[in-house]
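Encoded as structure tokens, the structure appears first; notes follow it.
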Amino acid sequence: MLSSLVPSPTIDLSSSAKPKGHRQATRTGSITELATPALTRTAVSLEYASLRHTAHCPLGMYVIPSPANLMVWDAVFFVHQGYYTDSILKFKLTFPSNYPERPPVVQFLTDVFHPLISQQDGSFNLALRFRPWRPKEHHVFDVLHCVKAAFKKHALDEIQEADCFNKEAYRLYHDTTSSFAALATQSSMLSQSASALFDKDHPSMAGKGSHSMQFKELKPDQLNALRARIGLQDWEDPQQT
């Protein structure tokens, strides 16, 4: 399904219209930010600005600060290879008040069967890569690349059971790889479903907060207009020409 989504963009990664309660949400978010030291807010802002540099933001990832709170970033990861091929995964990064002394917390909002991701709340274990976290050496782009690498086979091979938030996934990967692959594929298919992409009240979002990157399903005429505006052409299989 992802192969049809990317060349023919049936989604809109721009933020959706602000709900009526947005003003109150922004006010609440501002209080949170005001309670955060200015040096921390500056550090987080500089981290986001650095993502424009070549190779800082991994290919297939889209990241924006939450409109309500600079200390929370919303992200979407399009997986292009491996057991999780074609997955569309929403996650967020939440920065502590003493960043960069401590790393951001990574939480997946999309349900995904992965050794490093908790099935209870979507928490992702960064400890495997950052042991310990070094504030003068490690940056947010390192965290993003760590998240992307975790879905590749070589990273799955190196994971130790002690680092796993989902030990069942770890055991299946090492004992019955075919079963693990089937569950990873199932995660991918569910992440592409219309309900997972377009339903703001999808069960996987329960208790995990909101996400500012909303997908929008387009009608055929809207899709054609968008394709024309950005210069996309129909893809042709070279073997059939």
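The aromatic rings of H80 and F78 sit parallel to each other, their planes meeting at less than 30°, with 60° as the upper class boundary. Under the 30°/60° scheme for interplanar angles, the aromatic rings of F141 and H139 are found to lie parallel. In this structure, F151 and F77 have perpendicular ring planes: the angle between them is above 60°, well past the 30° mark.
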Pair up each side-chain donor or acceptor in residues 176-186 with any protein partner under 3.5 Å, not counting sequence neighbours, and list the distances.
residue: T177; atom: OG1; partner: Y173; partner atom: O; Å: 2.9
residue: T185; atom: OG1; partner: A181; partner atom: O; Å: 2.9

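No continuous path of hydrophobic side-chain contacts links F165 to L172 [ILVMFWY only; heavy atoms under 4.5 Å]. A single hydrophobic cluster is not seen to contain both F124 and V72; linkage of ILVMFWY side chains at heavy-atom distances under 4.5 Å, directly or through other members, places them apart. Note on V140 and M213: same hydrophobic cluster, where clusters join Ile, Leu, Val, Met, Phe, Trp and Tyr whose side-chain heavy atoms are under 4.5 Å apart, directly or indirectly. L93 and Y99 fall within a single hydrophobic cluster, where Ile, Leu, Val, Met, Phe, Trp and Tyr are joined by side-chain heavy atoms under 4.5 Å apart, directly or via other members. Residues L51 and V76 are members of one and the same hydrophobic cluster, defined by side-chain heavy-atom contacts under 4.5 angstrom among Ile, Leu, Val, Met, Phe, Trp and Tyr.
The line from CG of L226 to CG of L223 is 6.5 Å long, rounded to the nearest 0.5 Å. The CG atom of L116 sits 13.5 Å away from the CZ atom of R129 when rounded to the nearest 0.5 Å. Taking CG of L70 as the reference point, atom CZ of R41 lies at 8.0 Å (rounded to 0.5 Å). With rounding to the nearest 0.5 angstrom, the NE2 atom of H154 is 9.0 Å from the CG atom of L156. Between the SG atom of C164 and the CG atom of N125 there is a distance of 8.0 Å, given to the nearest 0.5 Å. Atom CE of residue M71 and atom OG1 of residue T40 lie 5.5 Å apart, to the nearest 0.5 angstrom.
By the 4.5 Å heavy-atom criterion applied to side chains, F113 and N166 are counted as neighbours. The shortest side-chain heavy-atom distance between W133 and P135 falls under the 4.5 Å cut-off. Residues F198 and Q214 form no side-chain contact, since every pair of their non-hydrogen atoms from C-beta on lies 4.5 Å or further apart. Counting heavy atoms from C-beta outward, I88 and T110 have side chains that stay 4.5 Å or more apart. The shortest distance between side-chain heavy atoms of Y48 and I64 falls below 4.5 Å. Contact of the H114 side chain with the Y170 side chain is not registered, since no non-hydrogen atoms from C-beta on lie closer than 4.5 Å. Between L109 and K92 the shortest side-chain heavy-atom distance falls below 4.5 Å. Within the 4.5 Å cutoff, no side-chain heavy atoms of D74 are placed close to those of K90.
Heavy atoms only, all atoms of each residue included: K167 and A162 are closest at NZ-CA, 4.2 Å. Counting all heavy atoms, side chain and backbone alike, P104 lies closest to V143 at CG-CG2, 4.2 Å. Nearest heavy-atom pair across E161 and R171 is OE2-NH1, 3.3 Å. V63 approaches C57 most closely through the heavy-atom pair CG2-SG, 4.3 Å. The minimum heavy-atom distance linking P115 with Y84 is given by the pair CD-OH, 4.2 Å. Pairing each heavy atom of S191 with each of D86, the nearest pair is OG-O, 4.4 Å.
Not a single donor-acceptor pair under 3.5 Å links the side chain of H56 to the backbone N or O of R52. A donor-acceptor contact shorter than 3.5 Å links the side chain of Q107 to the backbone of D121. A donor-acceptor pair under 3.5 Å is absent between the side-chain atoms of D142 and the main chain of H138, judged by distance alone. With hydrogens and angles disregarded, no donor-acceptor distance shorter than 3.5 Å links the side chain of S87 to the backbone of L89. Panel note: side chain Q222, backbone K219; a donor-acceptor pair is recorded below 3.5 Å.
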**OP:** Under the side chain to side chain contact (heavy atoms under 4.5 Å, CB included) rule, what do K148 and L144 come out as? Steps first, then yes or no, please.
**Re:** CA-CA 6 Å; K148 180 175 181 177; L144 296 176; over 6 Å; no
Original post:
Does the side chain to side chain contact (heavy atoms under 4.5 Å, CB included) test come out yes or no for F95 and V105, once each step is laid out?
Top reply: CA-CA 6 Å; F95 293 85; V105 173; over 6 Å; no
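The residue from W73, F108, Y62 that alone fulfils the ring pair (Phe, Tyr, Trp, His ring centres under 6.0 Å) condition with F91 is F108.
A search for side-chain hydrogen bond (donor to acceptor under 3.5 Å, both in side chains) contacts involving D163 returns R131, not counting sequence neighbours.
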